[in-house]
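Here's the structure, in structure tokens; my notes come after.
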Number of protein chains: 2
Amino acid sequence: MKRTHPGLLRNILATNVRRFRMARGLSQQDFALEIEMDRTYYGGVERGERNVSVDNIERIANGLGISPDLLFREAD
Amino acid sequence: MKRTHPGLLRNILATNVRRFRMARGLSQQDFALEIEMDRTYYGGVERGERNVSVDNIERIANGLGISPDLLFREAD
DNA sequence: TTGTGACTTACAGTCCGTC
DNA sequence: CGACGGACTGTAAGTCACA
């Protein structure tokens with residue numbers, strides 16, 4: 001599912017999620033497993049292809065051990 | 001649709017959205033109209049009944065004229 | 001002015017893979 | 001390890017009539 005353009009917010013989310021996950025030194029699959037999310041779906045999130053819902057944003061933020069609002073801050 | 005649910009992030013979002021909208025002195029219907037969203041759907045968001053996705057969060061934040069991450073900050 | 005139940009359709013989200 | 005595809009299921013998205 002190649003859902004590129006629409007919003008930029010999901011791209012911000014995507015880069016942030018990826019950055020925080022890598023900072024924790026985890027692979028996509030390991031992290032996805034940890035938060036009980038499908039690995040292919042989670043990969044799509046990091047690619048900005050998925051229009052993630054709040055409940056899943058919460059799961060991801062919890063898994064990363066950070067406050068959810070950090071995932072929506074513009075890259076610096 | 002009574003989706004009185006699990007996640008609390010959804011409720012944080014709900015209260016924040018409502019607070020910012022009221023701060024702008026707008027009714028749900030007027031605001032919903034402004035961002036081209038169905039009034040009953042938007043109402044459900046403010047009630048924390050809807051598991052909103054990123055694209056819609058973006059639309060709401062844009063309509064409120066604020067940075068999306070403000071919608072995810074814990075109430076003080 | 002907002003809430004609610006009922007409803008259909010689009011896509012979120014899962015699971016099997018390959019490269 | 002991560003990108004990506006096909007086929008599926010569940011639920012968000014979106015609308016309405018009425019309270």
Side-chain angles (χ1 to χ4, degrees), chain A residues 1-65 68-69 71-72 75, chain B residues 1-65 68-69 71-72 75:
Chain A
M1 207 171 212
K2 251 292 174 325
R3 195 159 299 286
T4 336
H5 358 29
L8 62 134
L9 186 55
R10 80 214 230 173
N11 296 307
I12 293 176
L13 177 71
T15 16
N16 282 331
V17 162
R18 173 166 272 160
R19 200 182 67 236
F20 281 112
R21 171 187 59 81
M22 293 184 84
R24 291 202 48 204
L26 292 171
S27 69
Q28 283 184 3
Q29 23 256 56
D30 285 346
F31 180 64
L33 188 74
E34 189 179 306
I35 64 177
E36 291 169 300
M37 186 175 281
D38 186 78
R39 72 183 164 78
T40 67
Y41 180 74
Y42 177 77
V45 173
E46 285 199 358
R47 264 170 264 129
E49 289 167 8
R50 296 297 191 151
N51 187 18
V52 202
S53 67
V54 197
D55 289 356
N56 276 333
I57 289 167
E58 182 170 29
R59 258 162 89 200
I60 293 173
N62 286 343
L64 291 171
D69 72 279
L71 297 175
F72 292 98
Chain B
M1 201 174 219
K2 252 298 181 306
R3 205 164 289 276
T4 314
H5 241 126
L8 67 138
L9 185 56
R10 183 197 286 210
N11 299 306
I12 293 176
L13 177 71
T15 358
N16 283 331
V17 162
R18 174 166 272 160
R19 202 182 66 236
F20 280 111
R21 171 187 59 84
M22 294 185 85
R24 290 203 48 204
L26 292 169
S27 68
Q28 282 185 5
Q29 15 200 28
D30 286 347
F31 181 65
L33 188 74
E34 191 178 305
I35 63 177
E36 292 167 302
M37 187 174 279
D38 187 85
R39 149 193 104 63
T40 64
Y41 179 75
Y42 175 77
V45 174
E46 283 200 357
R47 265 170 265 127
E49 292 167 5
R50 299 287 192 155
N51 187 15
V52 205
S53 67
V54 196
D55 289 357
N56 277 335
I57 289 168
E58 181 170 31
R59 255 162 92 199
I60 293 172
N62 286 342
L64 291 170
D69 73 279
L71 297 176
F72 292 98

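Letters A, B, ... mirror the listed sequences (proteins, then strands); counts begin at 1. Computed from a predicted structure; not experimentally measured.
For A:R18, a side-chain nitrogen or oxygen approaches OP1 or OP2 of D:dA3 to under 4.0 Å. Between B:R47 and the phosphate of C:dG3, there is a side-chain N or O to OP1/OP2 separation shorter than 4.0 Å. Here A:R10 does not reach the OP1 or OP2 of C:dA12: none of its side-chain N or O atoms lies under 4.0 Å away. In this model, the phosphate group of C:dG13 is approached by a side-chain N or O of A:N56 to a distance below 4.0 Å at OP1 or OP2.
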Go through A:T15 and A:R18 one step at a time and tell me if the side chain to side chain contact (heavy atoms under 4.5 Å, CB included) criterion holds. CA-CA 5 Å; A:T15 16; A:R18 173 166 272 160; 5.8 Å; no

Between B:N51 and B:R10, does the side chain to side chain contact (heavy atoms under 4.5 Å, CB included) criterion hold? Intermediate values first, please. CA-CA 7 Å; B:N51 187 15; B:R10 183 197 286 210; 3.4 Å; yes

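Residues of residues 21-40 of chain B having a heavy atom closer than 4.0 Å to DNA chain D, listed by number: B:D38, B:R39, B:T40.
Remark: A:F72 engages B:F72 in a ring pair (Phe, Tyr, Trp, His ring centres under 6.0 Å) (not counting sequence neighbours). Residues passing the side-chain contact (heavy atoms from CB on, under 4.5 Å) test with A:R47, sequence neighbours excluded: A:E49.
Put simply, the side chain of B:M37 reaches to within 4.5 Å of the side chain of B:I60, judged on heavy atoms.
For the side-chain contact (heavy atoms from CB on, under 4.5 Å) criterion with A:V54, the lone passing option out of B:L9, B:N56, B:N11 is B:L9.
For residues 8-41 of chain A, the pairs satisfying ring-ring contact (aromatic ring centres under 6.0 Å, His included) are A:F31-A:Y42, with sequence neighbours left out. Residue pairs satisfying the salt bridge (Lys or Arg N to Asp or Glu O under 4.0 Å) criterion with at least one member in residues 30-44 of chain B, sequence neighbours excluded, are listed as follows: B:R24-B:E34.
Candidate nucleotides C:dA12, D:dG14, C:dG3 were compared by shortest atom distance to the side chain of A:N51, and C:dA12 ranks first. Closest approach to the A:E49 side chain among D:dC4, D:dG14, C:dA12 is made by D:dC4 (side chain taken as heavy atoms from C-beta onward).
For the helix from C:dT2-D:dA19 to C:dC19-D:dG2, the angle separating the two terminal helix axes comes to 50°, with each axis derived from five pairs and the value rounded to 10°.
For B:A14 against B:G48, the heavy-atom pair with the smallest separation is CB-N, 3.7 Å.
Rounded to whole Å, atom C1' of D:dC4 lies 17 Å from atom OH of A:Y42. Residue A:Y41 contributes atom OH, which lies 19 Å from atom P of D:dT9 at whole-angstrom precision.
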